[in-house]
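Quick caveat, the model's predicted, so the values are computed rather than measured. So you know, we letter chains A, B, ... as the sequences are listed, proteins then strands, and number each from 1.
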Number of protein chains: 2
Amino acid sequence: MPKNCNFIEKLREVGLRPTKQRIKMCEVLYNREKTFHFTINDLVKLLSEKMNQKISLATVYNTVHAFEKKGYLKEISIDSHKSYFDTNTSAHHHFFDEDTHELIDCDESDIDKINIRKNITGKKINSVEVLVRVASDNQTQK
Amino acid sequence: MPKNCNFIEKLREVGLRPTKQRIKMCEVLYNREKTFHFTINDLVKLLSEKMNQKISLATVYNTVHAFEKKGYLKEISIDSHKSYFDTNTSAHHHFFDEDTHELIDCDESDIDKINIRKNITGKKINSVEVLVRVASDNQTQK
DNA sequence: AATCTACATTATAATAATTCTAAACTGTTG
DNA sequence: CAACAGTTTAGAATTATTATAATGTAGATT
């Protein structure tokens with residue numbers, strides 16, 4: 001199946017040149033069943049270990065940020081020490097497993113619609129996101 | 001008013017030695033009407049400029065983290081490039097002004113209680129927090 | 001009040017994450 | 001297929017944070 005053609009077209013659509021590196025990254029990120037949460041480090045590892053593709057760290061950063069700017073990826077702030085990215089770019093909520101540092105998507109239906117009563121004058125709401133931190137039941141709470 | 005006595009006692013209560021630096025930091029952080037949101041950098045600036053107190057950067061980091069561990073401060077993840085801390089340590093929600101990078105506390109009453117329908121097996125919920133990103137009304141959306 | 005000891009502070013070095021730079025490379029356009 | 005603009009690259013630079021090891025200090029003990 002000519003998966004890559006899709007990526008080439010997709011990249012063109014948003015005005016990014018379909019270079020070898022970008023296509024390879026698309027393959028890693030989007031040939032998946034589920035949405036994928038990762039750090040830059042995770043991605044570099046996957047590219048080099050699983051895909052046997054050596055891409056400069058700077059390129060991974062550049063490309064991830066290019067993807068983000070174009071709406072291919074979404075950045076998620078959970079841990080101030082790590083940048084997570086999400087291949088699910090729609091507004092949605094997350095569970096964060098504090099034991100494993102794993103991010104889990106939350107369906108719209110899992111959380112009731114959130115009603116914001118206050119509004120900041122002169123400002124419009126861009127997004128409303130919920131983060132549910134979970135941890136092992138039998139463990140001392142952090 | 002002997003404000004510092006309170007801080008000395010408070011620090012003792014949680015098992016932190018009331019050193020000059022810690023007391024000074026308490027003054028900057030807690031002699032306020034409203035809760036205070038800051039980055040380490042903000043705090044260092046305040047200490048040196050407003051309080052004329054030169055404290056080593058390492059000490060500010062150590063002390064902020066000591067305060068956090070003891071429940072004096074709460075870390076907030078909004079921007080993966082900056083660590084924010086909050087003098088309001090209760091579970092509460094935030095507005096984040098994307099124009100000014102300002103964090104604004106959200107009263108419990110401003111947001112309806114959030115009902116989580118899904119639960120992750122074997123995990124308990126530690127916290128549920130909402131972040132509402134706002135921006136100027138007349139500005140191109142990010 | 002002098003002494004002791006464990007904890008704190010400090011300046012500096014080290015580390016880690018990210019961005020910058022400048023040269024080499026490569027899609028795309030004509 | 002030549003030329004150009006956008007890309008990639010290695011490595012340097014920058015920034016945020018943490019570790020280190022020497023010095024200082026709060027609080028207990030004399």
Starting from P on C/dA11, measure out to CG on B/L57 and report it in whole angstrom.
-> 10 Å
Whole-Å distance between D/dG24 C1' and B/R22 CZ?
-> 14 Å
When the distance from OH of B/Y61 to P of D/dT17 is rounded to whole Å, what number comes out?
-> 3 Å
Touch class at under 4.0 angstrom, heavy-atom based, for A/K20 against every strand present | sugar-phosphate
Tell me whether the OP1 or OP2 atom of D/dG27 has a side-chain N or O from B/R12 closer than 4.0 Å.
-> yes
Between A/T19 and D/dG6, is there a side-chain N or O to OP1/OP2 distance below 4.0 Å?
-> no
Where the side chain of B/N88 meets the backbone of B/T35, is there a donor-acceptor pair that is under 3.5 Å apart?
-> no
So does B/Q21 get a side-chain nitrogen or oxygen closer than 4.0 Å to the phosphate oxygens (OP1/OP2) of D/dG24?
-> no
Quick one: does A/R17 reach the base of D/dA5 with a side-chain donor-acceptor pair under 3.5 Å?
-> yes
Between A/H65 and C/dT18, does any side-chain N or O lie under 4.0 Å from OP1 or OP2?
-> no
Rounded to whole angstrom units, what separation is found between the CD1 atom of B/I55 and the C1' atom of D/dG24?
-> 15 Å
Would you say C/dA11 has OP1 or OP2 under 4.0 Å from some side-chain N or O of B/K54?
-> yes
Using a cut-off of less than 4.0 Å, is there contact between a side-chain N or O of A/S56 and OP1 or OP2 of D/dT8?
-> no
In whole angstrom, give the distance that lies between atom CG of B/L11 and atom P of C/dT9.
-> 10 Å
side-chain contact (heavy atoms from CB on, under 4.5 Å) partner of A/F38, chosen from A/D86, A/L46, A/L73 | A/L73
Of the listed D/dT7, C/dT12, D/dT9, the closest approach to the A/L16 side chain comes from D/dT7
Would you tell me whether A/N62 and A/T59 have side-chain atoms, one donor and one acceptor, within less than 3.5 Å of each other?
-> no
Does the side chain of A/D105 pick up a donor-acceptor pair with the side chain of A/H37 at under 3.5 Å?
-> yes
Within less than 4.0 Å of OP1 or OP2 of C/dT9, is there a side-chain N or O belonging to B/T63?
-> yes
Just wondering, do B/I23 and B/P18 contact through their side chains at under 4.5 Å, heavy atoms?
-> yes
Report the distance from atom NZ of B/K69 to atom P of C/dA8, rounded to the nearest whole Å.
-> 10 Å
